[in-house]
Protein chains: 2
Amino acid sequence: MAITKAQLFNKRQIRAAEFAKAIAHPARIAILQILATSNACYCGDITEELPLAQSTVSQHLKALKSAGIIKGEIEGVRTCYCFDEENLAEFKTVMEAMIKEFSIPNPTCC
Amino acid sequence: MAITKAQLFNKRQIRAAEFAKAIAHPARIAILQILATSNACYCGDITEELPLAQSTVSQHLKALKSAGIIKGEIEGVRTCYCFDEENLAEFKTVMEAMIKEFSIPNPTCC
DNA sequence: AGAATAAATCGTAAAATTACGATATACGAT
DNA sequence: ATCGTATATCGTAATTTTACGATTTATTCT
């Protein structure tokens, strides 16, 4: 983009956007669902359940980890991915706060 | 991107990702907060409250409208933007369902 | 009809995202 | 030490996003 003005928004807005961006792709939602509902937690197992290449899944996992939604525990040659419960709580708080905020009916307009 | 495989994910995943993408930018979250808490609802008024050009705000409004989170009612020379309550309910449902889904502790791993 | 105003769209450029295959890295087993 | 396996990273290409100013469109007012 021509100019980046993200720094002109507040931290809450930036964090919420970050979380939203993390789940702004069907593949990442699918990965999170796999983590939540199946017992797959290795990149390889997750890749098997998805129509994507291993490198692509690894990339998506990295994105989820960067946002803090998941964490990766190295287990020898592989990495076990699972939800980062602490940050997941923050995710919930941020998202629910936003949902709540948007639900305030504005009486002055429309 | 080289190949698009979005069609290989299910509708719920795609819809959730769409909603998430809509709020995946601080400016769009700020716009929604302005809509929710101030009585600004015209592109011009919203632009005044943000460090962005009118055309940029208009673009963000379009993205929010495309996702269905807001709607625009033409009022003569201007357009009054407000939440699309029906879709906002869907947004809430989808997001809350996802949050809930991710909260199921996986007993088999990590 | 013409001027003023608000919003949308166009054109453009920079950056980010997404995907893949190929390669590198890291670890366990032999 | 070497081999095999799992994951991460690199390199690349296509697409999308983001931003801006300039222009167009649409409507109201004079």
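Below, chains carry the letters A, B, ... as their sequence lines are ordered, and counting in each starts from 1. Because the structure is a prediction, the values reported are computed rather than measured.
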Between atom [atom1] in [X] and atom [atom2] in [N], what is the gap in whole Å?
{"X": "B:E73", "N": "C:dA8", "atom1": "CD", "atom2": "C1'", "value": "18 Å"}
{"X": "A:F9", "N": "D:dT18", "atom1": "CZ", "atom2": "C1'", "value": "11 Å"}
{"X": "B:L52", "N": "C:dA8", "atom1": "CG", "atom2": "C1'", "value": "16 Å"}
{"X": "A:Y81", "N": "D:dA8", "atom1": "OH", "atom2": "C1'", "value": "8 Å"}
{"X": "A:L50", "N": "C:dT18", "atom1": "CG", "atom2": "P", "value": "15 Å"}
{"X": "A:E18", "N": "C:dA16", "atom1": "CD", "atom2": "C1'", "value": "15 Å"}

Query - Expected output: side-chain A:N87 to main-chain A:I69 donor-acceptor under 3.5 Å - result: no

Output yes when at least one side-chain N/O atom of [X] is less than 4.0 Å from OP1 or OP2 of [N], else no.
{"X": "B:R78", "N": "D:dT28", "result": "no"}
{"X": "B:K21", "N": "C:dT17", "result": "no"}
{"X": "A:S55", "N": "C:dA19", "result": "no"}

Query raised in the report: If you fit an axis to the five pairs at each end of the helix from C:dA1-D:dT30 to C:dT30-D:dA1, how big is the angle between those two axes, to 10 degrees?
Result: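 Result, rounded to 10 degrees: 20°.
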
**Report entry** Pairs where residues 40-52 of chain A contributes a residue and the test side-chain hydrogen bond (donor to acceptor under 3.5 Å, both in side chains) is met, not counting sequence neighbours
**Finding:**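 Qualifying pairs: A:Y42-A:E75.
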
Query raised in the report: Pairs in or reaching into residues 50-65 of chain B: which pass side-chain hydrogen bond (donor to acceptor under 3.5 Å, both in side chains), with residues at least two apart or in two chains?
Result: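 Only B:R28-B:H60 qualify under side-chain hydrogen bond (donor to acceptor under 3.5 Å, both in side chains).
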
Query raised in the report: Is the shortest heavy-atom distance from the side chain of A:L61 to the side chain of A:T79 under 4.5 Å?
Result: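 Result no, sub-4.5 Å side-chain heavy-atom pair not found.
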
Report summary line: In B/S/- notation (B base, S sugar-phosphate only, - none; protein heavy atoms under 4.0 Å), nucleotides 23-30 of chain C written 5' to 3' is ---BBS--

Identify the heavy atoms of [X] and [Y] that sit nearest to each other, and give their distance.
{"X": "B:A40", "Y": "B:L35", "answer": "O-CD2, 3.6 Å"}
{"X": "B:G68", "Y": "B:D84", "answer": "O-CB, 3.3 Å"}
{"X": "A:M95", "Y": "B:I23", "answer": "SD-CD1, 4.3 Å"}

So which nucleotide from [options] ends up closest to the side chain of [X]?
{"X": "A:T56", "options": "C:dA19, D:dT7, D:dC20", "result": "C:dA19"}
{"X": "A:C43", "options": "C:dT18, D:dA8, D:dA19", "result": "D:dA8"}
{"X": "B:A53", "options": "C:dT9, D:dA8, D:dC20", "result": "D:dC20"}

Requested in this report: Would you jot down, in residue-number order, the residues of residues 59-68 of chain B having a non-hydrogen atom under 4.0 Å from DNA chain D?
Outcome: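 Per residue number, the list reads B:Q59, B:H60.
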
Report task. First locate atom CZ of B:F19, then atom OG1 of B:T93, and finally report the distance between them rounded to the nearest 0.5 Å. Result -> 8.5 Å

Report task. Any chance you could measure A:C41, atom SG, to A:I31, atom CD1, to the nearest 0.5 Å? Result -> 13.0 Å

Query raised in the report: Taking the inter-plane angle between the rings of B:F9 and A:H25 on a 0 to 90° scale, is it parallel (under 30°), tilted (30 to 60°) or perpendicular (over 60°)?
Result: perpendicular

Report task. Assign the ring pair A:F102 / B:F91 to parallel, tilted or perpendicular, where the plane angle (0 to 90°) is split at 30° and 60°. Result -> tilted

**Report entry** Which residue lies more 5' along DNA chain D, comparing A:D45 with B:A24 via nearest heavy atoms
**Finding:** A:D45

Requested in this report: For residues 88-102 of chain A, pull every pair meeting salt bridge (charged side-chain N to carboxylate O under 4.0 Å, His left out), keeping only residues two or more places apart or in separate chains.
Outcome: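 Salt bridge (charged side-chain N to carboxylate O under 4.0 Å, His left out) check on residues 88-102 of chain A returns A:R12-A:E101, A:R15-A:E90.
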
